[in-house]
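Heads up: the structure comes next, in structure tokens.
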Protein chains: 2
Amino acid sequence: MTVKEVSEKYKITQDTLRYYERVGMIPEVTRTSGGIRSYQQKDLDWVELAICMRSAGLPVEVMIQYVQLCKEGESTIPARLELLQKQREALHMQREQLDTTLDRLNYKIKKYEKAIDTGKLNWD
Amino acid sequence: MTVKEVSEKYKITQDTLRYYERVGMIPEVTRTSGGIRSYQQKDLDWVELAICMRSAGLPVEVMIQYVQLCKEGESTIPARLELLQKQREALHMQREQLDTTLDRLNYKIKKYEKAIDTGKLNWD
DNA sequence: GTAATACTTGGAGTTAACTCAAAGTCAAGA
DNA sequence: TCTTGACTTTGAGTTAACTCCAAGTATTAC
């Protein structure tokens, strides 16, 4: 697949795909003899992983570290595990905060709905 | 409360507090005759709301709009409701994405744990 | 009253994560 | 072969959300 096809498949710009590769957030993509990107399944797997992590707010920097560790071989498996566990912890906290905010939003929304319903506000 | 006290209470910098006020993410804070901020309960409520929304990733711009609507009076209640509902929807989607990513992280973590446990990787 | 400290503003600087532009190279069709 | 359009890189520009700085004013301690 060309960069254009991949960008369409994942709804992400070509610039972003090239950027991810340039900064090392995904390993070097397979190229044709002419130097043009030709994404293979393993390249697509990396792209998908990168997009998934980014869409949850995981920093680019963290993915760069992970990719770096993967390149260094199996000896880095404990380090990779630790990195992933740390990120999971961060996402759990993020989730809790999200729920707290959702509760607050729901509370306010109910207030407004009632206000519109009864025609008056009885604010706290 | 002074800006310093508020910054300590909510673990946020004074600069950020002033920034929030300057851009209109919270209404103008009560001042002393000398022009120094003196946060009252209602000011603190706004600060707390702003921090809560921001910590869930809700854009500053959205809070600015909300504050603006509040200033314009009760006629904007339907608009405020709509704004809040839209943000709730966005947070719900964000939450789903977070869960998807967490699933993926958990899968990888289990793989690595097993690899360390058995001393070998049986990758997919 | 004066020194020290905390506050004020306006505006410039920073960071993360893209996003765009320019100038050149590659590949497919007439 | 020539043209057209997609691809390449390097490097600069943009956006959101702060973050910092300088110069000045207010408050508090002595």
Side-chain angles (χ1 to χ4, degrees), chain A residues 1-40 43-44 46-47 49-68 87 90-91 94 97 101, chain B residues 1-40 43-44 46-47 49-68 87 90-91 94 97 101:
Chain A
M1 284 181 111
T2 67
V3 70
K4 185 181 189 194
E5 288 164 343
V6 177
S7 82
E8 281 161 0
K9 180 171 166 64
Y10 293 112
K11 286 150 196 359
I12 182 181
T13 71
Q14 301 178 34
D15 270 321
T16 300
L17 279 167
R18 286 189 277 251
Y19 165 74
Y20 282 176
E21 184 178 354
R22 181 171 42 170
V23 299
M25 193 172 148
I26 58 173
E28 294 73 26
V29 169
T30 313
R31 305 289 183 119
T32 66
S33 53
I36 287 177
R37 288 174 183 81
S38 171
Y39 290 80
Q40 306 303 306
D43 301 312
L44 295 178
W46 275 110
V47 167
L49 178 66
I51 290 172
C52 182
M53 295 300 141
R54 280 299 301 132
S55 63
L58 207 136
V60 166
E61 186 55 37
V62 171
M63 270 300 288
I64 293 174
Q65 283 172 32
Y66 180 71
V67 168
Q68 189 52 44
Q87 295 313 310
L91 290 195
Q94 205 177 310
Q97 182 53 59
T101 305
Chain B
M1 284 181 111
T2 67
V3 70
K4 184 177 190 199
E5 288 164 343
V6 177
S7 82
E8 282 161 358
K9 180 171 165 66
Y10 293 112
K11 286 151 194 359
I12 182 180
T13 71
Q14 302 178 32
D15 270 322
T16 300
L17 279 167
R18 286 189 277 250
Y19 165 73
Y20 282 175
E21 184 178 354
R22 182 170 42 170
V23 299
M25 193 173 147
I26 59 173
E28 295 74 25
V29 170
T30 311
R31 305 291 182 117
T32 66
S33 54
I36 287 178
R37 289 174 183 81
S38 171
Y39 290 79
Q40 306 304 307
D43 301 313
L44 296 177
W46 275 109
V47 168
L49 179 66
I51 291 172
C52 181
M53 295 300 141
R54 279 300 301 132
S55 63
L58 207 136
V60 166
E61 185 55 37
V62 171
M63 269 301 286
I64 294 174
Q65 283 171 33
Y66 180 72
V67 169
Q68 189 53 47
Q87 296 312 311
L91 290 195
Q94 205 177 310
Q97 183 54 58
T101 305

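What you see below is based on every heavy atom in this structure, not just the backbone, and it leaves out hydrogens, waters and symmetry mates. Every chain is numbered from 1, with letters handed out A, B, ... down the list of sequences.
The distance between atom CG of B:Leu58 and atom P of D:dC18, rounded to the nearest whole Å, is 12 Å. To the nearest angstrom, P of D:dT8 lies 8 Å from CD of A:Gln14. In this structure, B:Ile12 places its CD1 atom 12 Å from C1' of D:dT19, rounding to the nearest Å. Computed from coordinates, the A:Lys4 NZ to D:dT8 P distance equals 13 Å when rounded to whole Å. Going from atom OH of A:Tyr19 over to atom P of D:dG13 covers 18 Å, rounded to whole Å. Atom CZ in B:Arg18 sits about 14 Å away from atom P in D:dC21, given to the nearest Å. Rounded to whole Å, the distance from CG on A:Asp15 to C1' on D:dT10 is 12 Å.
Residue-to-nucleotide proximity on DNA chain D shows that, of B:Gly34 and B:Gly57, the 5′-proximal contact is made by B:Gly57. Judged by closest nucleotide on DNA chain C, A:Thr16 is the one of A:Ser33 and A:Thr16 placed further toward the 5' end. Summary of the strand contacts: B:Ile36 and A:Arg54 both lie near DNA chain C, and taking for each the nucleotide with the nearest heavy atom, the more 5' one is attributed to B:Ile36. Comparing B:Gly35 and B:Val60 by the nucleotide of DNA chain D whose heavy atom lies nearest to each, the residue mapping closer to the 5' end is B:Val60.
For DNA chain C, the contact window with chain A, defined by any atom under 4.0 Å from a protein heavy atom, covers C:dA17 to C:dA27 in 5' to 3' order.
Phosphate proximity of D:dT27 to B:Thr32: present, with a side-chain N or O under 4.0 Å from OP1 or OP2. Residue A:Arg22 places no side-chain N or O under 4.0 Å from the OP1 or OP2 atom of D:dT9.
Residues B:Ser55 and A:Gln97 bring a donor and an acceptor atom of their side chains to less than 3.5 Å of each other.
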Problem set entry | Steps toward side chain to side chain contact (heavy atoms under 4.5 Å, CB included) verdict (B:Tyr19, B:Val23) | CA-CA 6 Å; B:Tyr19 165 73; B:Val23 299; 3.5 Å; yes
For this session: Take B:Glu21 and B:Arg37 through the side chain to side chain contact (heavy atoms under 4.5 Å, CB included) test and state the conclusion after the steps.
Result: CA-CA 11 Å; B:Glu21 184 178 354; B:Arg37 289 174 183 81; 2.6 Å; yes
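Each of A:Val3, A:Ile26, A:Val29, A:Asp43 was checked for a side-chain contact (heavy atoms from CB on, under 4.5 Å) with A:Leu17, and the lone residue meeting it is A:Val3.
With hydrogens and angles ignored, the 3.5 Å screen pairs no side-chain donor or acceptor of A:Thr101 with any backbone N or O of B:Met53.
When all heavy atoms of A:Ala56 and A:Gln94 are compared, the closest pair comes out as O-NE2, 3.1 Å. The shortest non-hydrogen separation linking A:Pro59 to A:Gln87 is CD-OE1, 4.3 Å.
A:Val23 comes within 4.0 angstrom of nothing in the nucleic acid, heavy atoms only.
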